[in-house]
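Just so we're on the same page: letters track the sequence lines, and every chain starts at 1.
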Amino acid sequence: METKITVLSVENVSVDIQGTRILREISFGARAGEVLAILGPNGCGKSTLIEAILGLRGTVSGRVSFEGRDISLYNRKKRALIFAYMPQNTAPNSFFTVLETVVMGRYPYLGTFGGYAKRDFDIARDAIRRTGLSGFEDRVVSGLSGGETATVMLARSLAQDTPVILLDEPTSSLDPGHALAIADIIKKLAAAGKLPIVSMHDVNMALNMSDRLILLKNGRIFGDIPAARIDRNILAGLYGISWEIRRTSKGHIAAIPERGFPERDR
Amino acid sequence: MTRRGRFPLSLGCAGAISALLAAVVCGLYFGDVKMSLAELWGVLKAGPLSYPDETFRHGVVWRIRMPRVIASSISGAVLAASGVIFQAVLKNPLAEPYTLGVSGGAAFGASCAILTGMGWITPAAFLGCAAALAAVMLLGWRGVESDLSGIILAGVIVGNIFGAGMTLMKAIAGDKVSAIVFWLMGSFSAADWRDVTPLLMSLLVVLSLCLAYRDELDIFASDSDVASLGINVSVTRAILLAGASLAVSFVVSGFGVIGFVGLIVPHFLRILFGPVHRGLLAMSLPAGAALLSAADTAAKTRNEMPVGVLTVLVGGPVFCFILWKRK
């Protein structure tokens, strides 16, 4: 891991939304091949950070660069070739089929005259296969369950075939089985040399699928640590409740929240 | 629900184009002046430019019926295709080509022209459309990126303001009120060759939008996150909405407010052929053209009843039936 160079760097990024400072001088770097999880209490700025990296959110200060180049120099289509994005709570209530939806991930590759080529459909089918949706190609998205819909959106992000994939709470509405399946796909992406950045509420899921944790609190970086180094004091400081950490015989880390209420942030 | 419910597109296209051809032939055949199909064929074979020995029937077909059929066909195509565009961009099943208030603007412009008696009804109506569209785009511009209900609201309000202006015109119009009311009902009875040029321009606008933006329309309609896929959302939406409204302005200013085609045809085609815009747009052009020219021929042979009334009276119940069967 040490040999891999930093591909994405976030430097001193601050963001205001309607006059309120949501992110304050966020800085971190990320390497290809690692899973980065963003953790933090509600309202800490996880989604805003992802939107700022994508360039969907204007920043007050700072810059985001990919392979040394400021991404604000790229136009939207170029950015879509670097970043894929799976937004929070995506529920496309549409009559498009799974294949028709996933192939839309190929949009940034389209030429002047548009129209998806056979190669785009091949890549979309491959993404469908990798996400375990084989056989669902011709199903209409609006008829799928929440877990299946989330998987379709993940498949669309895979079809976009970008070096960085940003996922905003991809498992928040899923049962443990579907959540684990998505976590596995995210790990495989990193193993294939991509950089998945995942915001999460489920601490256990984050601990077991990610290599590094970016901890956000009140819009600031509270910690930036390898997932294996998590301890109860860090989690207690982050969420304002006590935690018990257990390491299982299989090497999993379990974080169990104990009684108590989070302190009021703002 | 799976994809199995969809009809094959090639079959649909062949059907729509045959329907359009049939509607055109009916439009040329039916009318006050009776002629046999053989006579019609002879007149058509003679071509439009056989003036030296022009017969009465030749004049009827080439000077009256042909421009009318062309006008109603192109209008139908433009209304249906822009309805598809509006419903995709605004993500709203109630969206139609008049959502941005162009019909109110046209009605106001036309009634001003009729009231003042200066003639020029079509240019005045078009000016009204343009004014309404400009006001809506100005009001709703900030909503184009994020909040689509803002632009719909702007369209409804601006349309209402112009509509109230038109009602005021009617109130003070005196004996000219019937001319305003007749214009509002919409009709192709006065179509002639001079109307074809603006209609071709509007068809060209809609065709270019269809060809250039079919992939974007899919993404807009699929309700997925669009900005991260690399679409410049506000610019693309503004081009599509303003372009389609402009195209419809040529129709509405020439022939009045013809409802139904732009609202129902897109729904109908989406139920039959699925939501992908490559097929939807390709189908909407011949289907809209066939529907409106057939409706116009029917209206023509029923004592020139308003074509807009006929499309709703016949098409409305048919659509209700489809909605019912679909549940």
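For A/P108 against B/L229, the heavy-atom pair with the smallest separation is CD-O, 3.5 Å. Nearest heavy atom pair, residue A/R76 against residue B/V233, reads NH1-N, 4.1 Å.
Around atom CZ of B/F268, no more than 12 heavy atoms belonging to other residues, nucleotides or ligands sit under 6.0 Å away.
Using a 4.5 Å cut-off between non-hydrogen atoms, the part of residues 155-163 of chain A that approaches chain B consists of A/R156, A/Q160.
With a threshold of 4.5 angstrom between heavy atoms, B/R278 does not approach chain A through any atom at all. For A/L166, no part sits under 4.5 Å from any heavy atom of chain B, backbone or side chain.
For residues 44-54 of chain A, every residue pair satisfying the side chain to side chain donor-acceptor pair (under 3.5 Å) rule, not counting sequence neighbours, is listed here: A/S47-A/Q88, A/S47-A/D168, A/E51-A/R57.
Every residue meeting the ring-ring contact (aromatic ring centres under 6.0 Å, His included) condition with B/F250, not counting sequence neighbours, appears here in chain and number order: B/F126. Looking at residues two or more places apart in sequence or on another chain, you find a side chain to side chain contact (heavy atoms under 4.5 Å, CB included) between A/P170 and A/M86, A/L167, A/I182, A/I186, A/V198.
Taking CG of A/L110 as the reference point, atom CD of B/E216 lies at 7.5 Å (rounded to 0.5 Å).
Side-chain contact between A/M104 and B/D218 is present, with at least one heavy-atom pair separated by less than 4.5 Å.
With chain B as the partner, the residue from A/Y107, A/Y116, A/F83 showing the most heavy-atom pairs under 4.5 Å is A/Y107.
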